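A quick write-up on the structure given underneath.
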Amino acid sequence: MKRPRELGRARASAERSYCPLFAGVSGVIFPHMSDRLSHALLYGIFDTGYANPADAALIVERMVAGGVDLVQVRAKGWEEEDVDGLAGSVAEVLSGTGVPLILNDFPQLVPSVGADGAHVGQADHAVADARWRAGRALAGEVPPVLIGKSTHALAQAEAAEAEGADYIGFGPLYPTPTKAGRPAIGLEEIAEVHRRVSVPIFCIGGVKRENLEAVLGAGARRVVIVSGILLASDLEGYCRDVKSELRRNAGLA
Ligand code: TZP
Ligand code: MG
């Protein structure tokens, strides 16, 4: 039995997914959040390792105002019910913005939170399992659920696509305390992963406004930035700067 606030969130998620362009015979129309994903360049993460959960709404609002295209909630070591509460507050902020909300792990919380998907690591659920736990067993179901996967090598990137991931993270490019203990892979394989993999690739790990030019120069098109954004004194301006560089790189500005 869903609690009322959960129903409210699920409804808010459905409402923000509504688009008359996709009207069909059923009258219940969901555009594909995957369209949002395919145009996404900047992926921001609200990570409790860097930001006070009490500030989540304000921070995510600023991220969106700065042009972040996807938002993930990452709360390592948290209990499921606490993640549900935090992600629910972020879902409310994102409601009506069209910016998809992705949960790090916890695919089973996608329906109650009103999130749009989940992100899994190499040691987490398989993509199909995550999709099933999110209540949507098959890719292409409506409303769609986006399942992303972390990859740290070319072979893992190809495997994640073959497994049905909607997008991948590729990195860490640079050593980063956000993913302590995970060796950096450098920039050398960025161009090759873009040749081999068709789903959106978000380069991640130590990416900052300061090294973005080098990352894009190596062939990246989309990035995830965690600490760079969350530790910025002007978070919105930081996102805006990065986004405009990403747009320029993509030939959109
Ligand atoms: N996966 C690979 S690197 C990384 C994750 C979650 C952390 C990225 O964080 P930051 O602070 O942008 O380096
Ligand atoms: Mg994980």
Side-chain angles (χ1 to χ4, degrees), residues 40-51 59-60 63 66 68-80 82-83 86-87 102-110 115 117-131 133-134 146-154 156-157 159-160 163 165-187 189-190 193 197 200-216 218 220 222-233 235 238-239 241-243 245-246:
L41 297 173
L42 177 57
Y43 190 160
I45 298 187
F46 182 85
D47 186 325
T48 55
Y50 288 103
I59 288 174
V60 171
M63 284 163 104
V68 158
D69 300 300
L70 287 173
V71 170
Q72 183 185 123
V73 169
R74 184 172 188 261
K76 287 287 163 198
W78 278 38
E79 296 297 328
E80 182 169 327
D82 298 326
V83 175
L86 172 63
I102 308 293
L103 308 180
N104 188 281
D105 300 329
F106 301 105
Q108 68 278 16
L109 292 181
V110 164
H119 184 93
V120 294
Q122 287 291 317
D124 298 328
H125 305 294
V127 169
D129 185 21
R131 221 181 271 292
R133 284 168 190 263
L146 305 177
I147 305 294
K149 186 150 187 164
S150 297
T151 68
H152 316 297
L154 285 173
Q156 287 179 357
E163 207 196 331
D166 294 297
Y167 73 86
I168 61 167
F170 188 69
L173 303 183
Y174 301 101
T176 172
T178 313
K179 194 90 172 179
R182 167 71 57 189
I185 64 171
L187 307 184
E189 292 182 333
I190 293 177
V193 75
V197 170
I201 301 163
F202 292 86
C203 289
I204 184 169
V207 181
K208 312 275 184 206
R209 183 166 54 184
E210 294 70 26
N211 60 24
L212 188 60
E213 201 180 335
V215 171
L216 298 181
R222 313 159 193 269
V223 295
V224 180
I225 301 182
V226 185
S227 50
I229 291 176
L230 294 175
L231 299 178
S233 54
L235 189 153
Y238 190 100
C239 291
D241 289 352
V242 169
K243 180 68 178 286
E245 200 167 333
L246 290 167

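No experiment lies behind these values; they were computed from the predicted model shown. Whatever order the structure lists ligands and atoms in, that order sets their numbers, starting from 1.
- Considering only non-hydrogen protein atoms, atom 12 (O) of ligand 1 sits nearest to Val226 N, 2.9 Å.
- Of all the heavy atoms of His152, none lies under 4.0 Å from any atom of ligand 1, so neither backbone nor side chain is involved.
- Contact annotation: the side chain of Tyr43 never approaches that of Ile204 to less than 4.5 Å [non-hydrogen atoms, C-beta and beyond].
- Other residues, nucleotides and ligands contribute more than 12 heavy atoms inside 6.0 Å of the CD atom of Gln122.
- Of all the N, O or S atoms in Asp124, the one closest to the Mg ion (ligand 2) is OD2.
- One distance of note links CZ of Phe106 with CD of Glu79; it measures 7.5 Å at 0.5 Å rounding.
- The shortest N/O to N/O separation between Val224 and ligand 1 does not fall below 3.5 Å.
- Close approach of ligand 1 to Arg74 is summarised as follows: ligand atoms under 4.0 Å from at least one heavy atom of the residue are 6 (C).
- Here the closest non-hydrogen pair linking Ala40 and Phe202 is CB-CZ, 4.0 Å.
- For the pair Gly206 and ligand 1, a heavy-atom separation below 4.0 Å is found.
- Residue Ser227 places at least one N or O, backbone or side chain, under 3.5 Å from an N or O of ligand 1.
- Within the 4.5 Å cutoff, side-chain heavy atoms of Lys76 are placed close to those of Asp105.
- Distance check, rounded to the nearest 0.5 Å: CZ of Arg131 to CD of Glu163 gives 9.5 Å.
- When each atom of ligand 1 is checked for a heavy atom of Pro172 under 4.0 Å away, the hits are 3 (S).
- Lys149 has no carboxylate O lying under 4.0 Å from a charged side-chain N of Asp124, or vice versa, which leaves the two without a salt bridge.
- The option with the heavy atom closest to atom 10 (P) of ligand 1, from among Ile229, Ile204, Thr178, Leu231, is Thr178.
- Restricting Asp105 to its N/O/S atoms, the shortest distance to the Mg ion (ligand 2) is reached by OD1.
- Summarising the geometry, atom OH belonging to Tyr167 is positioned 12.0 Å from atom CZ belonging to Arg222; distances are rounded to the nearest 0.5 Å.
- Contact annotation for Thr176 and ligand 1: only side-chain heavy atoms (C-beta onward) come within less than 4.0 Å of the ligand.
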